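Below is one structure, written out as structure tokens, with a few remarks after it.
On a predicted model such as this, the values are computed, not experimentally measured, just so you know. Atoms considered below: every heavy atom in the structure, side chains included; atoms not considered: hydrogens, waters and symmetry mates. Naming convention: chains lettered A, B, ... in sequence-line order (proteins, then strands); numbering from 1 in each chain.
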There are 2 protein chains.
Amino acid sequence: MHRKSVQDDKGYFANLLRQAGYKATAGRIGLLKLLKNSGKPLSIQELAKKLSEVKIDQATIYRVLTVLEEIGVVRQVNLLHGHADYEFVREDDHHHLICTKCRRVEDVAGCDDGVTRQVLRRSTNFAAITQHSFEFFGICKSCARK
Amino acid sequence: MHRKSVQDDKGYFANLLRQAGYKATAGRIGLLKLLKNSGKPLSIQELAKKLSEVKIDQATIYRVLTVLEEIGVVRQVNLLHGHADYEFVREDDHHHLICTKCRRVEDVAGCDDGVTRQVLRRSTNFAAITQHSFEFFGICKSCARK
DNA sequence: ATCACTGCAAAGTCTTTGCAGTTCC
DNA sequence: GGAACTGCAAAGACTTTGCAGTGAT
């Protein structure tokens with residue numbers, strides 16, 4: 001049932017971590033839940049603020065995110081904001097549309113993965129493409145009115 | 001003639017700056033020439049090192065790059081290296097393929113601009129898209145061998 | 001009980017800012 | 001000459017690291 005999803009996530013995330021050889025700690029699971037439920041990329045500061053339930057140090061947040069990135073559940077995004085943002089890895093490929101004035105972020109439907117295959121085929125020096133990042137920058141309507 | 005292009009650049013860049021309302025200083029022109037001739041995105045450190053002919057402070061480099069970005073001759077690129085890189089804006093749209101091990105950067109042919117138009121059309125909240133950044137991350141053949 | 005993990009504090013990068021002196025127009 | 005620009009030094013933001021104590025298995 002949908003109502004139970006948060007509880008289920010906790011167990012699911014715990015297993016995920018253990019199977020990858022990491023311990024299932026409150027901080028790691030808390031951050032994973034936050035990122036999953038956020039729906040948009042979050043900065044370290046935002047993560048620290050929103051994780052008020054669990055006490056966690058900023059240094060630990062950085063270390064946890066490095067681990068989560070390694071496992072492949074989280075990825076780093078750069079929206080030219082002067083710091084890294086992190087987002088939960090979803091099934092569907094998607095990208096971002098960022099307002100350069102107010103920093104609002106909107107999701108954009110993903111490209112079909114024929115694109116990356118084509119890029120790899122055309123390159124003579126690369127053996128594999130492991131990830132890609134497509135970001136669009138512009139002005140949102142609300143900022144355009146001002 | 002091709003041999004004269006560097007000289008010509010100097011005058012061209014000077015005019016460009018003046019027409020945009022900025023003064024044509026040695027540092028600004030030097031950085032522009034560097035970026036134009038580099039062919040790949042450069043970090044502030046690389047720019048400082050390569051601009052040995054002209055004495056320039058790092059703080060000034062940051063300020064100059066902000067100006068050049070405003071004018072639209074240079075753009076900031078983020079290759080997930082923990083710092084910003086800057087590259088000369090060329091006529092042809094192009095993107096990057098970055099080796100996550102050795103940081104080698106290769107150019108990738110640009111997407112046709114139907115892509116950004118389509119993204120804008122599909123968004124309900126955005127009024128314009130002013131730029132986009134597509135980066136591909138992977139492993140180059142030389143790193144794959146190791 | 002053991003080893004991984006975390007908090008705390010310190011240090012390391014990258015970037016911005018204030019101000020006085022210099023340069024371009 | 002005057003406003004714009006730069007160097008220098010200091011501060012600010014973001015991120016990493018060392019070490020001793022804590023917690024998961």
Side-chain angles (χ1 to χ4, degrees), chain A residues 10-32 34 41-49 51-71 73-86 103, chain B residues 10-32 34 41-71 73-87 103:
Chain A
K10 184 175 169 184
Y12 176 73
F13 289 149
N15 284 332
L16 192 75
L17 285 162
R18 291 196 194 98
Q19 278 164 29
Y22 293 101
K23 290 188 177 170
T25 64
R28 286 175 179 168
I29 291 169
L31 287 174
L32 266 173
L34 254 186
L42 296 173
S43 67
I44 268 75
Q45 303 239 357
E46 289 169 322
L47 286 168
K49 195 176 298 173
L51 200 68
S52 45
E53 344 148 11
V54 183
K55 180 180 167 243
I56 194 168
D57 189 79
Q58 284 212 350
T60 304
I61 298 186
Y62 280 102
R63 287 189 274 228
V64 167
L65 289 172
T66 306
V67 165
L68 300 183
E69 228 182 329
E70 244 173 73
I71 301 181
V73 262
V74 159
R75 75 182 197 105
Q76 189 178 335
V77 203
N78 201 298
L79 310 177
L80 301 184
H81 287 169
H83 60 254
D85 287 277
Y86 293 85
R103 300 192 166 181
Chain B
K10 186 175 169 182
Y12 175 74
F13 289 149
N15 284 332
L16 193 76
L17 285 162
R18 291 199 193 95
Q19 278 165 28
Y22 292 100
K23 290 188 175 169
T25 65
R28 285 174 180 170
I29 291 168
L31 286 174
L32 267 173
L34 254 187
L42 297 174
S43 67
I44 268 75
Q45 304 237 358
E46 289 169 322
L47 286 167
K49 195 175 298 173
K50 294 200 176 189
L51 200 69
S52 46
E53 344 149 11
V54 183
K55 180 182 167 241
I56 193 167
D57 188 81
Q58 284 212 350
T60 304
I61 298 186
Y62 279 103
R63 287 188 274 229
V64 167
L65 289 171
T66 306
V67 165
L68 299 184
E69 228 183 330
E70 244 173 73
I71 301 180
V73 263
V74 160
R75 76 182 197 103
Q76 189 179 333
V77 203
N78 200 297
L79 309 178
L80 302 183
H81 287 169
H83 60 255
D85 287 277
Y86 293 85
E87 97 182 330
R103 299 192 168 182

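- Under the side chain to side chain donor-acceptor pair (under 3.5 Å) criterion, A:E70 pairs with A:Y22, sequence neighbours left out.
- For B:S43, the side chain to side chain donor-acceptor pair (under 3.5 Å) partners at least two apart in sequence or on another chain are B:E46.
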Give each protein N/O atom lying under 3.5 Å from an N/O atom of nucleotides 20-24 of chain C, with the pair distance.
residue	atom	partner	partner atom	Å
C:dC24	O2	B:K23	NZ	2.9

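- A heavy-atom distance below 4.5 Å is not found between the side chains of B:L51 and B:I61.
- OP1 or OP2 of C:dT15 sits under 4.0 Å from a side-chain N or O of B:Y62.
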What pairs of donor and acceptor atoms, side-chain ones from residues 23-30 of chain A against any protein atom, are under 3.5 angstrom apart with sequence neighbours left out?
residue	atom	partner	partner atom	Å
A:T25	OG1	A:R28	N	3.4
A:R28	NH1	A:K23	O	2.8

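- Where B:Y22 and B:Q45 each meet DNA chain C at their nearest nucleotide, the meeting point lying more 5' is that of B:Q45.
- Rounding to whole angstrom units, CG of residue B:N15 and C1' of C:dC25 are separated by 14 Å.
- Nucleic acid contact class of B:G82 (heavy atoms, under 4.0 Å, all strands): sugar-phosphate only.
- Looking at A:L32 and A:V74, their side chains come closer than 4.5 Å, going by heavy atoms from C-beta outward.
- With the nearest nucleotide of DNA chain D identified for both A:R63 and A:I44, A:I44 has the one nearer the 5' end.
- For DNA chain D, the outermost nucleotides in 5' to 3' order that have an atom under 4.0 Å from a heavy atom of chain B are D:dG2 to D:dA9.
- Across the protein-nucleic acid pair, A:L47 atom CG and C:dT6 atom P stand 14 Å apart, rounded to whole Å.
- Residue B:R28 is in sugar-phosphate contact alone, with no base atom involved, counting any heavy-atom pair closer than 4.0 Å across all strands shown.
- The shortest non-hydrogen separation linking B:N78 to B:H83 is ND2-O, 4.2 Å.
- Of the residues near DNA chain C, A:V67 and A:A59, the one whose nearest nucleotide (by heavy atom distance) lies more toward the 5' end is A:V67.
- Nearest heavy-atom pair, A:E69 versus A:R75, reported as atom, atom and distance to 0.1 Å: CG-CA, 4.1 Å.
- Residue A:L80 contributes atom CG, which lies 17 Å from atom P of C:dC14 at whole-angstrom precision.
- Applying the side chain to side chain donor-acceptor pair (under 3.5 Å) test to pairs two or more places apart or on separate chains, none has a residue in residues 47-63 of chain B.
- Listed here is the closest heavy atom pair of B:L47 and B:L34: O-CD1, 3.8 Å.
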